[in-house]
2 protein chains.
Amino acid sequence: MTQRTNGRFTIEDVAALAKVSTATVSRVLNKKGQVADKTMARVQTAIVELDYIPHSGARQMAGGRQNLVGLIFPGIGDPFLAELLLGIEQSLVAEGYELLLYCTQGHSSKDRRAFLPLNENNTDGLIVFAHSLSESELQRFDRRDFPVVLLHQTPPAGLNIPCVTVENKKGAAKAVAHLIGCGRRRIAFLSGPEGNEDSYWRELGYRETLAAHGIPFRSALVKDGSFSAAVSETAVTQWMQDGIEIDAIFAADDNSAQGAIFALQQAGKKIPQDVAVIGFDDVSFARYTMPPLTTVRAPIMEAGSKAAEQLIKLMRGETAVSLTLLPTELVIRRSCQE
Amino acid sequence: MTQRTNGRFTIEDVAALAKVSTATVSRVLNKKGQVADKTMARVQTAIVELDYIPHSGARQMAGGRQNLVGLIFPGIGDPFLAELLLGIEQSLVAEGYELLLYCTQGHSSKDRRAFLPLNENNTDGLIVFAHSLSESELQRFDRRDFPVVLLHQTPPAGLNIPCVTVENKKGAAKAVAHLIGCGRRRIAFLSGPEGNEDSYWRELGYRETLAAHGIPFRSALVKDGSFSAAVSETAVTQWMQDGIEIDAIFAADDNSAQGAIFALQQAGKKIPQDVAVIGFDDVSFARYTMPPLTTVRAPIMEAGSKAAEQLIKLMRGETAVSLTLLPTELVIRRSCQE
DNA sequence: ACGCTTGCTGTAAGCGTTTACATTTTATCA
DNA sequence: TGATAAAATGTAAACGCTTACAGCAAGCGT
């Protein structure tokens, strides 16, 4: 026997107070089935009276809907996330779902093995951002037909999990073509972290566009910026110290662009006169850099809301679109041309 | 009867495969009680074999420890949060807890009434940041002796909930005193959102320091910046348009400072020559503004980790320190003096 | 050989819901 | 009015765990 005599009230207490059965209380709680208006009022009064809160564990066990979806993502604090979340919640709240977040930063996937705290038995569905889950975890969800939508990551081979992402390659191509149009030829690329899919496509767009304009690709002009201002600052500083000539930097995201701008200015370079800089995402701070950052606008909020929409379909048992590709757009500010 | 015949395995399946009872499986799962080495090995093999995952709902019901704590906060995307989270996880992970996040942005507290998705029956404790929960919700936790720690918010009257925050008033005083020391006299203040406690103390520090130096307080020099670059930009632009003379701005946080810097530069002001700017928090981007931002460093990560420590004490049934005040420190960069 | 202790394992009750099904009440219609 | 359908409510099983308690085997001292 367990010791659970904390002043918590249960559905039975509510039922007793309202002089109905627990089934009826459950019906009003879930707005399911028929309940007479008078009875419903009585039950609701009792609920308020006792400050009753349904026990989520018991609900899970009984197999009811949780009205809960989880978002799993690698790290917090990126302005990117703020927008993403806004989009996700927009779609979700309309359908009566709540959103819980789990951040995998600092957890090895081995630690998580037995204990991913958001999973198929305490949520109705999951949105997984970038590579925050291992392939085997995704496989497990797939095997169990558990609703999952991938954001900014295409599913591993063989798994049919819907995916929402943006036109990375096209966006990168627009950025690089613009740089070339401004007369730049020595265009460097600051990549994202190893294995990141967004970065992969952005780099491909960069390479293809160079090629299309007859500019040879030079590996010395590519460094890892890890989507981080600090890492990018170091990388750019290194280029300067090595005396590598660069007249433009295409950064795989806005954070890297920010670090690049800082490093360039430290090195006494004028932006955009000496070196032009273009970022990717158009996060909120992009207009606050000095000079304001030219960047490829990714419809982040829309991506979030589309992902949630697909998840909702899945949770309803409908089929979802397996790939949603959102268009990107070049936003020209002053970091690129006066 | 419910239809839960999704390929999910239960503890019984594991027990059957390992030829033991469910009690034994439970014991190895929770590392509780005695189990012979050979048996344990057999059970673990079975767990891996079936890719078994304990049902969290069932665990909650049976009254076991959840190994889960929740963080409730108002909005995501602030670099502030990234550091906070790091600190919290640091302490938590060491004790075997996982962290789930719930963001109240865009939920009225009325919506949440019955359904705060992180609560006393699915977590072992909660960390509540700033004013993300209503007083009545806190009261409920208090009545039920549920472990809660407040971050950057003192508890409502009558509730004995431990609180961790920083020396806002002292920090603000250092900032303003420094500005005055640099010869500034027309010092404006960009406040945080209405009702925010950090902002309240920072403003008080601002006022008291002015008074201590015989500088009269002028309400025209205080505007709401809402901890937001965009709002602050508007506010500062308004000052410029109104022709209010200002030779320094003390912003209640770094976001506001960033907006202020931008607005000032738009208006053709030189920083720091014409107007000095000081922020608060020392978030990661503070050194990337141009000029780099002088700011009051709040030990955000430490605050997170202290909060988690107090929560752990509470969850163990020990008593926690009711108020932890962390020291702040002025970080001088170039936005303040060449 | 006996009773003790100690280590290991099993049995089964109980946690708080949801829901299929049974039952009772109310409304409808000839 | 009585028969019948529809609406409202109740009964009780099932969900998958944890843990108090009981049982059993082996080791020990006498």
Side-chain angles (χ1 to χ4, degrees), chain A residues 1-16 18-43 46-47 50 52-68 114-115 119-122 124 144, chain B residues 1-43 46-47 50 52-68 114-115 119-122 124:
Chain A
M1 188 193 303
T2 45
Q3 72 313 336
R4 177 174 287 283
T5 324
N6 331 344
R8 265 103 125 164
F9 291 111
T10 75
I11 200 173
E12 295 211 41
D13 299 312
V14 176
K19 301 191 192 311
V20 296
S21 72
T22 61
T24 300
V25 177
S26 177
R27 280 188 279 257
V28 349
L29 241 26
N30 300 293
K31 307 186 203 317
K32 238 181 193 173
Q34 320 240 35
V35 180
D37 289 355
K38 280 182 69 169
T39 316
M40 180 175 301
R42 213 149 19 97
V43 171
I47 290 176
L50 299 180
Y52 165 73
I53 290 191
H55 189 288
S56 47
R59 279 196 146 159
Q60 288 167 30
M61 287 214 58
R65 190 179 125 164
Q66 323 265 340
N67 296 308
L68 229 203
F115 273 137
N119 58 36
E120 62 267 39
N121 53 45
N122 57 12
D124 299 314
R144 304 189 178 180
Chain B
M1 190 192 303
T2 46
Q3 73 311 336
R4 177 174 287 283
T5 325
N6 332 343
R8 263 103 124 165
F9 291 110
T10 73
I11 200 173
E12 295 209 40
D13 299 312
V14 176
L17 184 57
K19 301 193 193 308
V20 295
S21 72
T22 62
T24 300
V25 177
S26 177
R27 281 188 278 257
V28 348
L29 241 25
N30 300 293
K31 309 186 202 318
K32 239 179 194 174
Q34 320 240 36
V35 181
D37 289 355
K38 281 183 69 169
T39 315
M40 180 175 300
R42 213 148 21 97
V43 171
I47 290 176
L50 299 181
Y52 165 73
I53 290 191
H55 189 289
S56 48
R59 279 196 145 160
Q60 287 167 32
M61 288 215 58
R65 191 179 123 164
Q66 322 266 339
N67 295 309
L68 229 202
F115 272 138
N119 57 39
E120 62 266 42
N121 53 46
N122 56 13
D124 299 315

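- Which of D/dC15, D/dT18, D/dG10 sits closest to the side chain of A/A62 comes down to D/dC15.
- Of the candidate nucleotides C/dT19, D/dT18, C/dT17, D/dT18 has the atom nearest to the side chain of B/N30.
- Axis deviation across the helix from C/dA1-D/dT30 to C/dA30-D/dT1 amounts to 40°, comparing end segments of five pairs, rounded to 10 degrees.
- Distances from the side chain of A/T24 to the nucleotides D/dC17, C/dT17, D/dT9 place D/dT9 closest.
- Of the listed nucleotides (C/dC15, C/dG10, D/dT18), D/dT18 has the atom at the smallest distance from the side chain of B/I11.
- Out of D/dA20, C/dA12, C/dT17, the shortest distance to the side chain of B/R27 is found at D/dA20.
- With distances taken from any side-chain atom of A/A23 to the nucleotides C/dT19, D/dG16, C/dG16, the minimum falls on C/dT19.
- Within the 4.5 Å cutoff, the side chain of B/H55 has no heavy atoms near those of the B/R8 side chain.
- In summary, the side chains of B/N121 and A/R59 do not present any donor paired with an acceptor at a separation below 3.5 Å, with no hydrogens or angles considered.
- Nearest nucleotide to the side chain of B/A58, out of C/dT19, D/dG16, C/dG16: D/dG16.
- Residue-to-nucleotide contacts include no donor-acceptor pair under 3.5 Å from the side chain of A/R8 to the base of C/dG16.
- The stretch residues 31-43 of chain B touches DNA chain C through B/Q34, B/V35, B/A36, B/T39, each having a heavy atom under 4.0 angstrom from the strand.
- Looking at heavy-atom distances under 4.0 Å, A/S26 makes contact with a base.
- Checking C/dG16, C/dT9, C/dT18 against every side-chain atom of A/T10, the shortest atom distance belongs to C/dG16.
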